[in-house]
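One structure is given below, encoded as structure tokens.
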Amino acid sequence: MELAYIPSPSSGVLYLGPVPLRGYAFCIIIGVFVAVWLGNKRWVARGGRAGTVADIAVWAVPFGLLGGRLYHVITDYQLYFSEGRDWVDAFKIWEGGLGIWGAIAFGALGAWIGCRRRGVPLPAYADAVAPGIAFAQAIGRWGNWFNQELYGRSTDVPWAVEITSSGDGRVPGTYHPTFLYESLWCIGVALLVIWADRRFKLGHGRAFALYVAAYCAGRFWIEYMRVDEAHHILGLRLNNWTSILVFLLAVLYIVVSARKRPGREEVVEPAAAEAAEAAEAEAGEKDAPSVEEDASGAEGDSDSSDSDDSSGSEGAKDGAGSAKKS
């Protein structure tokens, strides 16, 4: 008998009148807002303009959603294109199914386009938004709880999640809440990146690479616990191999980047730096007349002193001449 467990919602959809509010989509939307908000704060702190992160996110988010869905559909094609399945379901993103690997890859492509349009270096932008992306993942994983999906092996631990649905091959029972494990891990990753960025002044994309490496380390063991259907290669799930490969690439990038480009970018948004320089120049021009006035005043005082001294000298000479005559 289970003494405690995490209950699953009876439905992943709430209705506001005729409008359906899907828990999965709601979690993703909240995560995006958190990522943009935190990314904007970090961007401004590094010398960028407020609003730049949101402007670039207009490109990055749609690309990320598209890439995440494509990765999921391609790697789990049997869920949509096998016998008895309806391929139209591949477009029903609100029912769940986003691959983080595709989301990051295509999201980076969208961010690159946005950065090019704003004249912003992509590595600097990636460093600013890295912790926010991790927080967004932590929030987004709760969408899996609403959909009763992506859980681990059967267990009776007090924090087990109860699965009540029997659709799509589910067996009701209590299982390891891998969505919760990954959510907590992502929060830890975000805090790690924030600390390391402050401590070591990470730049040129290294904060983002640290986020990627740290996430992959956690995703490997969490993925190993999952029991949902997946493709296996040499006894490991496909996402386990992806985690290993991406982890190695991220670590390699950190090492090579630190050698070639040590330190942090001094200017992350050229337009913001130019505006700041123009403001300083304008302020200097306004102060210039007062300096000239002070100089003119000083010259006037000097002329007066010179005339007084000259008058005094002439008076002294006249006095001396009179004394000789007498």
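Treat the numbers as computed from the prediction; the structure is a model and nothing was measured.
Across all their heavy atoms, Ala134 and Val189 have their closest contact at CB-CG1, 4.3 Å. In plain terms, the two heavy atoms of Ala128 and Trp43 that are nearest each other are CB-CE3, 3.8 Å. In this structure, Phe220 and Asn240 approach most closely via the heavy-atom pair O-ND2, 2.8 Å. Shortest non-hydrogen contact noted between Leu202 and Ala196 is CG-O, 3.8 Å. When all heavy atoms of Leu192 and Ala214 are compared, the closest pair comes out as CD2-CB, 4.0 Å. Closest approach of Val120 to Thr52, counting heavy atoms only: CG2-CG2, 4.3 Å.
Hydrophobic clustering of Ile, Leu, Val, Met, Phe, Trp and Tyr side chains at less than 4.5 Å, counting indirect connections, unites Leu210 with Val246. Ile222 and Phe247 end up in the same hydrophobic cluster when Ile, Leu, Val, Met, Phe, Trp and Tyr side chains are linked at under 4.5 Å. Hydrophobic clustering keeps Phe146 apart from Val34 (ILVMFWY residues linked when any side-chain heavy atoms are closer than 4.5 Å, directly or through intermediates). Taking hydrophobic clusters as Ile, Leu, Val, Met, Phe, Trp and Tyr residues chained together by side-chain heavy-atom distances below 4.5 Å, Leu248 shares a cluster with Val212. Hydrophobic clustering, with ILVMFWY side chains joined whenever heavy atoms are under 4.5 angstrom apart, keeps Trp37 apart from Val44.
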Audit row: Ser243, Arg219, side chain to side chain donor-acceptor pair (under 3.5 Å) steps and yes/no: CA-CA 7 Å; Ser243 296; Arg219 180 62 185 266; 5.3 Å; no
Candidate pair Leu98 and Leu65, rule side chain to side chain contact (heavy atoms under 4.5 Å, CB included), full reasoning: CA-CA 7 Å; Leu98 287 174; Leu65 292 175; 4.1 Å; yes
Side chain to side chain contact (heavy atoms under 4.5 Å, CB included) assessment of Tyr224 paired with Leu236: CA-CA 8 Å; Tyr224 192 75; Leu236 287 178; 4.0 Å; yes
Trace of the ring-ring contact (aromatic ring centres under 6.0 Å, His included) decision for Tyr253 with His204: CA-CA 10 Å; Tyr253 179 88; His204 302 285; 9.6 Å; no
Arg206 vs Arg264, side chain to side chain contact (heavy atoms under 4.5 Å, CB included): CA-CA, chis, key distance, verdict: CA-CA 9 Å; Arg206 289 189 289 278; Arg264 176 186 285 178; over 6 Å; no
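Using a 4.5 Å heavy-atom cutoff, the side chains of Ile6 and Tyr175 are not in contact. For the pair Gln137 and Ile100, the minimum side-chain heavy-atom distance is below 4.5 Å. Counting only heavy atoms from C-beta outward, the side chains of Leu191 and Phe135 approach each other to under 4.5 Å. The closest side-chain heavy-atom distance from Tyr24 to Asn144 is below 4.5 Å. Residues Arg85 and Leu79 meet the side-chain proximity criterion, which asks for heavy atoms closer than 4.5 Å. The side-chain heavy atoms of Cys216 and Trp101, taken from C-beta on, include a pair separated by under 4.5 Å. Looking only at side-chain heavy atoms (C-beta outward), Trp241 and Ile244 come within less than 4.5 Å of each other. Between Tyr181 and His176 there is a side-chain heavy-atom pair separated by less than 4.5 Å.
Glu223 contributes atom CD, which lies 8.5 Å from atom OG1 of Thr242 (distance to the nearest 0.5 angstrom). Taken from CE in Met225 to CZ in Arg237, the straight-line distance is 11.5 Å, to the nearest 0.5 Å. Between Leu249 atom CG and Ile254 atom CD1 the span is 11.5 Å, to the nearest 0.5 Å. Residue Ile56 holds its CD1 atom at 11.0 Å from CG of Asn40, rounded to the nearest 0.5 Å. Note that NE2 of His232 and CG of Asn239 are 10.5 Å apart. Values are rounded to the nearest 0.5 Å. With values rounded to the nearest 0.5 angstrom, Ser8 atom OG is found 9.5 Å from Arg170 atom CZ.
A salt bridge links Asp55 and Arg118; the closest N-O separation between the charged side-chain nitrogens and carboxylate oxygens is under 4.0 Å. Using a cut-off of 4.0 Å between Lys/Arg side-chain N and Asp/Glu carboxylate O, Glu269 and Arg46 are scored as not salt-bridged.
Arg226 places no side-chain N or O within donor-acceptor distance of the main-chain N or O of Tyr151, the cut-off being under 3.5 Å. Although no hydrogens or angles enter the test, the distance criterion places a donor-acceptor pair under 3.5 Å between the side chain of Gln148 and the main chain of Pro9. His231 places a side-chain N or O within donor-acceptor distance of the main-chain N or O of Thr75, the cut-off being under 3.5 Å. Looking only at distances, a side-chain donor or acceptor of Asp86 sits under 3.5 Å from a matching main-chain atom of Val88. Using a distance-only test at 3.5 Å, with no hydrogens or angles considered, a donor-acceptor pair links the side chain of Thr174 to the main chain of Thr155. A side-chain donor-acceptor contact under 3.5 Å links Thr178 to the backbone of Leu150. No donor-acceptor pair closer than 3.5 Å links the side chain of Trp185 to the backbone N or O of Ala217. With Arg153 contributing its side chain and Val227 its backbone, the two residues share no donor-acceptor pair below 3.5 Å. The backbone N or O of Val53 sits less than 3.5 Å from a side-chain atom of Tyr125, completing a donor-acceptor pair.
Environment of CZ in Phe81: crowded, with over 12 heavy atoms of neighbouring residues, nucleotides or ligands closer than 6.0 Å. More than 12 heavy atoms of other residues, nucleotides or ligands lie within 6.0 Å of CH2 in Trp221, so this atom counts as buried by the packing criterion.
Aromatic ring pairs are classed by plane angle as parallel below 30°, tilted from 30° to 60° and perpendicular above 60°; the pair Phe63 and Trp59 is tilted. Ring-plane geometry between His72 and Tyr80 is classed as perpendicular, the angle between the planes exceeding 60 degrees on a 0 to 90 degree scale with a lower cut at 30.
Taking the ring centroids of Trp142 and Phe179, they lie under the 6.0 Å cut-off.
Taking Arg141 as the reference, Glu182 meet the salt bridge (charged side-chain N to carboxylate O under 4.0 Å, His left out) condition, with sequence neighbours excluded. Evaluation of the salt bridge (charged side-chain N to carboxylate O under 4.0 Å, His left out) rule for Arg42 yields Asp197 as partners, not counting sequence neighbours.
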